[in-house]
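Notes to accompany the following structure.
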Amino acid sequence: MIGLDLSNKRALVCGGSKGIGKAIAMALAENGCSITLIARNETLLNGVLIQLPKNQNQQHDSMVLDMTDLSSLEIAMKNLVLLKDFHILINNTGGPPGGRLEEASIDAIELALKQHLMAAHIITKSLIPGMKRYQYGRIINILSTSVKQPLDHLGVSNTVRAAMANWSKTLANELAVSGITVNNILPGATNTDRLQDLILKESTHQLSEPEKIADKMKSHIPMNRFANPEEIAWAALFLASPIASYITGINLPVDGGRTRSL
Ligand SMILES: NC(=O)c1ccc[n+]([C@@H]2O[C@H](COP(=O)([O-])OP(=O)(O)OC[C@H]3O[C@@H](n4cnc5c(N)ncnc54)[C@H](OP(=O)(O)O)[C@@H]3O)[C@@H](O)[C@H]2O)c1
């Protein structure tokens, strides 16, 4: 029966050592997928590897890589695809620091473009030939609701997400005929280290208690709460599965209703 079964499939989960990436890796593995994780911190990666379910004899592994180091990333990807085929790719990494765009340096914009757009391009290009051979590919990009509505004090992030969204839509058009879908998940405020960092920085900036900043953020969300990372992961699990076969080129907000546009 076609469903969420991902046995005999392998996913590359970037930024998989914590937060949304880790939750996605867990959800995919719970449904039979073998996982390769990427992040910089080897200790955290090893911790996730131990937790990933293996009840369908999956083989999980990880690679320590910095996604801002594009030349190392390119070499690592070339070697990786000689050893394994991938059916699912989760393009995900740490978010750029917050702040107003008018104050952002060129270096900050360049770094974010490297870590997000260019790293995703290198990784995706490496995996496409294998996905074409299998006539099964699910490329899922973890972006932000700022694709639809720019967020205050996230100037560099807003800029890079827009670039990623058009990159993704273009790829979706090019790859649709090969059985490869390309979709974006737009998380709202999600309870991870990233969100806690942003709240702490905003509380320093506004000279206010972190709890008050968090409450104000929640007041803009119709569900009046932050997401758990698992709630983002369930959307990724669906898009990665065989039953999402006719969905490509979309932006899926998972934000408790925060985005006010259609
Ligand atoms: N949390 C939210 O509220 C929220 C909302 C909207 C969008 N998002 C976006 O969703 C994505 C994931 O967010 P998150 O909250 O899960 O963040 P997180 O908890 O900070 O996790 C980020 C992950 O990316 C890895 N990473 C960071 N920099 C890296 C690099 N240079 N090379 C390789 N791996 C790197 C981290 O591991 P290492 O540090 O070990 O490398 C970690 O595994 C981000 O783009 C974020 O902006 C988050």
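Atoms within a ligand are numbered from 1 in the order they appear, just like the ligands themselves. Just so you know, these numbers come straight off a predicted model, no measurement behind them.
Considering only non-hydrogen protein atoms, atom 45 (O) of ligand 1 sits nearest to Thr93 O, 3.0 Å. Protein heavy atom nearest atom 36 (C) of ligand 1, with residue, atom name and distance: Ser17 OG, 3.9 Å. Protein heavy atom closest to atom 31 (N) of ligand 1, with residue, atom name and distance, is Asp66 OD1, 2.9 Å. With respect to atom 13 (O) of ligand 1, the closest heavy atom belonging to the protein is Ile20 CD1, 4.0 Å. With hydrogens left out, the protein atom closest to atom 17 (O) of ligand 1 is Arg194 CB, 3.5 Å, a heavy atom. What sits closest to atom 21 (O) of ligand 1 on the protein, heavy atoms only, is Lys18 CG, 3.7 Å. Looking only at heavy atoms of the protein, atom 47 (O) of ligand 1 is closest to Arg161 NH2, 2.6 Å. For atom 27 (C) of ligand 1, the closest non-hydrogen atom of the protein is Gly94 N, 3.3 Å.
Close approach of ligand 1 to Pro187 (heavy-atom distance below 4.0 Å) involves ligand atoms 5 (C), 6 (C), 7 (C). If you number the atoms of ligand 1 from 1 as listed, the ones under 4.0 Å from a heavy atom of Leu65 come out as 32 (N), 33 (C). Below 4.0 Å from some heavy atom of Ala189 lie the following atoms of ligand 1, by number and element: 3 (O). Residue His116 has at least one heavy-atom neighbour below 4.0 Å for each of these atoms of ligand 1: 45 (O). Per-residue contacts place Asn41 under 4.0 angstrom from the following atoms of ligand 1 (heavy atoms of the residue considered): 40 (O). Residue Ile142 approaches ligand 1 through these ligand atoms, each under 4.0 Å from one of its heavy atoms: 10 (O).
For the atom pair CD1 (Ile213) and CD1 (Ile199), the distance works out to 8.5 Å, reported to the nearest 0.5 Å. Here the straight-line distance linking atom OG1 of Thr190 with atom CD of Glu230 works out to 10.5 Å at 0.5 Å rounding.
In the hydrophobic clustering, where aliphatic and aromatic side chains (Ile, Leu, Val, Met, Phe, Trp, Tyr) are joined below 4.5 Å either directly or transitively, Leu154 groups with Leu151, Leu198. Counting Ile, Leu, Val, Met, Phe, Trp and Tyr side chains that sit under 4.5 Å apart, directly or through other members, Leu83 stands alone, with no cluster partners.
Under the 4.5 Å side-chain heavy-atom criterion for grouping Ile, Leu, Val, Met, Phe, Trp and Tyr, Ile24 is connected to Ile88 within one hydrophobic cluster.
For Lys114 and Asp69, the salt-bridge test fails: no basic side-chain N is under 4.0 Å from an acidic carboxylate O. Of the charged side-chain nitrogens involved, none lies within less than 4.0 Å of a carboxylate oxygen, so that Arg10 and Asp85 do not count as a salt-bridged pair. Taking the charged nitrogens against the carboxylate oxygens, Arg225 and Glu231 do have a contact shorter than 4.0 Å, which makes a salt bridge.
In this structure, Lys22 has no heavy atom closer than 4.0 Å to ligand 1.
Selection from Arg40, Met67, Gln196, Met217 by nearest heavy atom to atom 38 (P) of ligand 1 gives Arg40. With Asn92, Leu143, Asn191 as candidates, the residue nearest to atom 8 (N) of ligand 1 on a non-hydrogen basis is Leu143. Distances from atom 5 (C) of ligand 1 to the heavy atoms of Ser144, Gly188, Ala112 show the closest one on Gly188.
Closest non-hydrogen pair, Leu44 versus Lys18, comes out as CD1-CD, 4.2 Å.
Both the backbone and the side chain of Thr190 come within 4.0 Å of ligand 1, judged by heavy-atom distances.
Side-chain contact annotation: Gln51 with Lys22, donor-acceptor N/O pair under 3.5 Å present.
Every N/O-N/O distance between Ile38 and ligand 1 stays at or above 3.5 Å.
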If you apply the rule side chain to side chain donor-acceptor pair (under 3.5 Å), what do you find for Asn91 with Thr124, and how did you get there?
CA-CA 8 Å; Asn91 279 317; Thr124 304; 3.1 Å; yes
Pair Ser245, Arg138 - check side-chain contact (heavy atoms from CB on, under 4.5 Å), show working.
CA-CA 9 Å; Ser245 51; Arg138 300 284 189 265; 3.8 Å; yes
